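Every value quoted in this text rests on a predicted model; they were computed, and no experiment measured them.
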Amino acid sequence: MFEVRIHSRGGQGGVTAARLLALAAVRDGKYATAFPFYGAERRGAPVVSFVRIDGSPIRISSQIRKPDLVIVLDPSVMDVVDVLQGIKPGGRVLVNAREPRDMGGHPACSVDLTGIALREKLEVAGSPILNTAVLGALAKMGIISMESAKSAIREMFSDPRNVSAAEAAYRELAA
Amino acid sequence: MLTVATGNKAVAAAVKEAAPAVVAAYPITPQTEIVEQIAEYVSSGELRSQYIPVESEHSAMAACIGASVTGARTFTATSSQGLQYMHEMVNWAAGARLPIVMANVNRALGPGWNIWAEHTDAIQERDSGWLQVYVGSVQEAFDAVLMAFAIAEDERVLLPVMVNLDGFLLSHTMQPFEVARAGDFIPPLHLPHAIDPAAPGGYGTLTGPEDYFKLRWDIERSMRDSAGVIRETQERFARTFGRKYGMAEEYRCEDAEVIVVAMGTLGREAEVAVDLLRGEGIRAGSMRVRWFRPFPRLDLSGRDVVVIDRDYSFGFGGVLAGSLAAAGGARPFSVIAGLGGQEVTYEDIAGFVRERRPGEEFWFGVNGDV
């Protein structure tokens with residue numbers, strides 16, 4: 001079982017990112033579930049969503065306490081949330097940032113998802129859309145195949161710039 | 001094709017396949033996405049139903065009753081306070097022998113105001129004459145809605161069916177699922193006591209003690225017959241779509257010395273606890289109760305039983321535990337857990353089994369960890 005926790009802010013598309021990742025994993029022939037943590041969420045507040053990926057059907061509904069991978073879509077949440085809480089020893093981190101960041105000694109990758117989204121003009125109501133680009137980064141990290149990433153994006157979004165954003169993130173991911 | 005969607009979307013997709021003539025509904029968290037999606041299907045022409053946006057849940061069920069009595073296939077969905085508000089009409093639907101299908105997204109009752117999963121909302125309707133099924137996955141939610149129409153509308157049943165799915169844990173959790181094309185799986189509805197709008201009439205429903213008693217018995221007779229119809233329908237579903245369901249889902253029970261009984265997502269999580277316990281040398285098994293009405297016969301003889309109730313009847317106890325004790329004479333370790341969406345992990349469930357105390361009741365998180 002591979003468990004992922006996604007940190008973002010309400011309205012940034014963290015839930016959609018979780019769904020895209022689950023869909024891509026399913027297209028890879030695996031089982032996956034994606035779910036948000038529902039609290040008193042509101043636009044702009046720190047939120048988390050979860051993805052489980054496994055080779056057999058997933059029967060667990062409870063929240064993920066010990067993630068194998070933490071994705072930080074909005075680095076500003078790190079000022080208020082301990083994004084590394086419970087992460088497994090050796091667990092990996094993916095951060096939306098231009099420069100590599102020290103993530104408590106955990107193997108960390110960074111990619112400028114915001115810059116990519118702005119370059120591709122992927123914006124909704126003035127906010128950059130990060131959840132399609134992040135799939136390219138996850139493919140580069142070997143979590144899903146790039147083929148399935150693109151297929152998942154095409155199933156959910158008709159605008160081809162979403163696939164271009166994922167391809168850019170795949171190229172630009174810095175380990 | 002396999003897709004990834006929430007339990008709510010899966011319910012709506014199943015309703016599209018069943019193509020009810022009338023859908024009347026009122027939105028309520030965490031059910032809203034079901035009726036939103038159905039409204040979209042109707043608006044886009046993908047579903048040719050009369051969609052009646054009503055002003056309350058009481059009206060939603062009243063509208064379903066009015067439509068159903070003309071012999072029309074009907075559907076509604078609700079949750080928690082909404083189900084409470086339609087309570088009078090819930091009983092009417094069963095008494096009038098109308099095969100209405102309703103999805104209920106299980107949510108705690110207020111106050112305290114709480115939108116998360118609990119089964120007490122549906123459990124409080126257990127004596128209404130509705131059949132009740134509780135599902136454990138998104139695929140099962142889809143499959144249960146399709147089967148619910150076939151079971152409710154069978155002339156041996158003609159009782160309404162409530163499909164229950166856990167708030168957020170299923171309603172908002174995305175899982176892979178396959179949209180099965182209903183085809184002719186659900187035969188056309190023939191309601192023997194339908195009123196023809198072209199030749200309007202009505203029923204005088206005032207009924208004296210002798211006839212009322214017969215009508216009540218007739219509900220119970222159909223409820224008993226429904227167990228066979230459920231079995232037939234589930235077998236036909238398995239032959240048609242390849243997925244098998246029982247009254248309860250048994251997991252590693254053959255040689256089990258202790259069996260965990262639960263409903264909904266807790267029953268699925270319990271299977272993971274069983275695997276964990278087996279790894280420790282404890283011969284555990286799990287029975288996930290799907291059909292709560294009619295209540296199934298479970299073979300629990302000679303084993304310890306740990307029942308997890310995501311509900312409570314004040315002054316009595318966990319309703320599932322009490323039902324099992326009444327039906328089979330079991331002296332379960334009765335665990336009350338998950339109320340108001342309380343997080344219960346498979347590790348917690350394994351703990352209930354290891355520390356079981358047959359005959360006692362334990363409130364998880366109130367007594368502290370076992």
- prompt: Taking the side chain from B/E269 and the backbone from A/S61, do they hold a donor-acceptor pair closer than 3.5 Å?
  reply: yes
query: Are the side chain of A/D68 and the backbone N or O of A/E3 linked by a donor-acceptor pair below 3.5 Å?
result: yes
field: Proximity breakdown for B/F177 and chain A, heavy-atom pairs closer than 4.5 Å
entry: neither
query: Highest number of heavy-atom pairs under 4.5 Å with chain A: which of B/E271, B/E343, B/Q175?
result: B/E343
- line: If one checks every heavy atom of B/V138 against chain A at 4.5 Å, the contacting part turns out to be neither
- prompt: Can you list the steps and then say if A/S145 with A/E147 is a side chain to side chain donor-acceptor pair (under 3.5 Å)?
  reply: CA-CA 5 Å; A/S145 72; A/E147 209 41 54; over 6 Å; no
query: Who wins among A/V26, A/I58, A/I60 for the most heavy-atom pairs under 4.5 Å with chain B?
result: A/I60
query: A/R52 versus chain B, heavy atoms under 4.5 Å apart: side chain, backbone, both or neither?
result: neither
field: Test item: A/N96 side-chain N/O and A/L73 main-chain N/O as donor-acceptor pair under 3.5 Å
entry: yes
- request: Heavy-atom distances under 4.5 Å only: say whether A/A32 touches chain B with side chain, backbone, both or neither.
  value: backbone
field: Lys/Arg-Asp/Glu bridge criterion (N-O < 4.0 Å) met for A/R65, B/E347
entry: no
